[in-house]
Amino acid sequence: MTPLRLHNTMSGQIEEFVPLEPGHVRMYTCGPTVHDYSHIGNFRTFLFEDLLRRVLRQQGYQVTQVMNLTDVEDRIIKKAAERGQTIDEFTEQYIDAFFQDLDTLRIERAEHYPRATRHIFEMVSLIERLTENGHTYVADGSTYYRISSFPRYGALAHLDVSGLKAGARVDVDEYGKDDPRDFALWKARKAGEQSWETPLGPGRPGWHIECSAMSMQYLGETLDIHAGGVDLIFPHHEDEIAQSEGATGKPFVRYWLHAQHLQDATGEKMSKRLRNFSTVRDLLAEGYTPRAIRYALLTGAHYRSPLAFSPELLRAADSAVKRLDEFAVRLGGVTVDAEPPAEIRQRWDDALRDDLNLPAAVGFLFEFVKTFNTRLESGQATPEERAGAMAMLRHANRILDVIEFPEALDSEVEKLIAERQAARDRRDFAAADEIRQRLLAMGIQLDDTKDGTRWKRLR
Ligand code: AMP
Ligand code: ZN
């Protein structure tokens, strides 16, 4: 079997993937900052991680994935204070919304979703270890990481830190790439801000320390995979390495994976700050289906290429998904069990094992669909071949998770017919007729006979 190969940001190379413990992958994915709804740029990254997780599982690995929820951070503290709410009161609505959006997009759940505010103690202990190892100093009640004490600083982002200004420090969570500075591990309390009483003094954690503390707590001191969007490479992931390795002296992560950004139509990164974003909710309100959104973000480009978001992208996704649905319907009524044809399955699997090249895999799938449709039209396909094609579609859908197979459609139709019957029983003929029209729009024609309602698919 071709091995799984993944691009590692640390080496800049595509490497064969081998987990530390045979058969088990431990992976940490940076999660949302719950100060607002996540936008579809964020979900592009979360869908890339869903793809990674599904491919790993299909390779036979057990996956333990941790995704943190950043629920204490500059913007959260500010917004909660403005509304007179505690952090928990303020973040609750966005945490709920995040999980709803995950379900809408059929993103598989991680094993753990730890929240920063629930791990203050672990963060404080980690900072104490860093202090014992000589990596910290205190200024104005805050504790900082002295990056000059960690010679490998800059290795992930491939930064030249030779011109480093010793002692120059920064309190905000995000800062410029060309200016690496000592960052806050623990921030002294400010008036009006929620804070914690700890041996480090009253205050709250900086952003970066949560990921080191929670990843190592749930996954051990060396992780197989750490993933996120490219904007996290510096400073966030660079700082995570300095914190984790500075405390343990062990390698923190074996494979660093980063997804490129979703951009707006002009090529700008989609972001809250630029106000050029859409949420999943916005797109649903505009009438796009969850399946089209998932398909567009997942297959629109390879994860290491930027993807420009546009209505055309969503429309193309919508019609691609419909073509796959139609293919499933055409194959319908498969009665024999079968394996996917070896050649197409191999091409599909190999593309995914080649650094998760889903766009290539999807290209092969559509070639197959096209060729097979020709065989179906000319009446050449045998029942066994049809069953094989159906098996391939199901195989692909374990990754894509967008196809509606006929039996799912059947049960939807049966449900609507029952609803229509109930409407007729209470003599609500307008409602009954509306359901008939809806079914017609789905390509289903009803026929009321003395034995009940029959239905057939219009071709
Ligand atoms: P945040 O909620 O801002 O902490 O981001 C959550 C995840 O979304 C991180 O992995 C970011 O790297 C990622 N992200 C942020 N903006 C974009 C974007 N425009 N395209 C793709 N991923 C993004
Ligand atoms: Zn993180």
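Atoms within a ligand are numbered from 1 in the order they appear, just like the ligands themselves.
Proximity of Thr70 to ligand 1 is not established, as no heavy-atom distance is less than 4.0 Å. Heavy atoms of Gly31 come nearer than 4.0 angstrom to ligand 1 in at least one pair. Contact analysis leaves Phe43 out of contact with ligand 1, as no non-hydrogen atom separation drops below 4.0 angstrom. The shortest heavy-atom distance from Gln263 to ligand 1 is not under 4.0 Å.
With respect to atom 22 (N) of ligand 1, the closest heavy atom belonging to the protein is Thr45 OG1, 2.7 Å. For atom 9 (C) of ligand 1, the closest heavy atom belonging to the protein is Leu232 CD1, 3.8 Å. Taking atom 18 (C) of ligand 1 as the reference point, the nearest protein heavy-atom neighbour is His261 CD2, 3.5 Å. Protein heavy atom nearest atom 16 (N) of ligand 1, with residue, atom name and distance: Lys269 CE, 3.5 Å. At the top of the distance list for atom 20 (N) of ligand 1, counting protein heavy atoms only, stands Leu262 N, 2.8 Å. Among all protein heavy atoms, the one lying closest to atom 1 (P) of ligand 1 is Thr33 OG1, 3.7 Å. Of the protein's non-hydrogen atoms, Asn42 ND2, 4.0 Å is the one closest to atom 3 (O) of ligand 1. The nearest heavy-atom contact from the protein to atom 19 (N) of ligand 1 is Met270 O, 2.8 Å.
Closest approach of Leu307 to Arg44, counting heavy atoms only: N-NH1, 3.5 Å. Closest non-hydrogen pair, Ala292 versus Ala317, comes out as O-CB, 3.4 Å.
Ring geometry for His258 versus His237: interplanar angle of 30 to 60°, hence tilted. Ring pair Phe183/Tyr145 is parallel by interplanar angle, where below 30° counts as parallel and above 60° as perpendicular.
Checking Tyr28 against Asn68 by side-chain atom types alone, a donor-acceptor pair falls below 3.5 Å. Asp239 and Tyr153 share a side-chain donor-acceptor pair at under 3.5 Å. Between Thr70 and Glu210, the side chains place a donor N or O and an acceptor N or O closer than 3.5 Å (distance only, hydrogens not considered). If you check the side chains of Thr266 and Asp264, you find a donor sitting under 3.5 Å from an acceptor. A donor-acceptor pair shorter than 3.5 Å can be found between the side chains of Asp282 and Thr279.
Among the candidates Lys187, His35, Lys79, the single residue satisfying the side chain to side chain donor-acceptor pair (under 3.5 Å) test with Asp74 is Lys187.
Under 4.0 angstrom from ligand 1, there are no non-hydrogen atoms of Lys272.
At most 12 heavy atoms of other shown residues, nucleotides or ligands fall within 6.0 angstrom of atom CZ in Arg438.
Around the Zn ion (ligand 2), the angle linking His236 (NE2) with Cys30 (SG) is 120°, rounded to 10 degrees.
Of the options Gly41, Pro32, Gly229, the smallest heavy-atom separation from atom 21 (C) of ligand 1 is shown by Gly41. For atom 12 (O) of ligand 1, the choice among Asp231, Leu274, Leu47, Leu307 with the nearest heavy atom turns out to be Asp231.
Under 2.8 Å from the Zn ion (ligand 2) lies an N/O/S atom of Cys211, whether from backbone or side chain.
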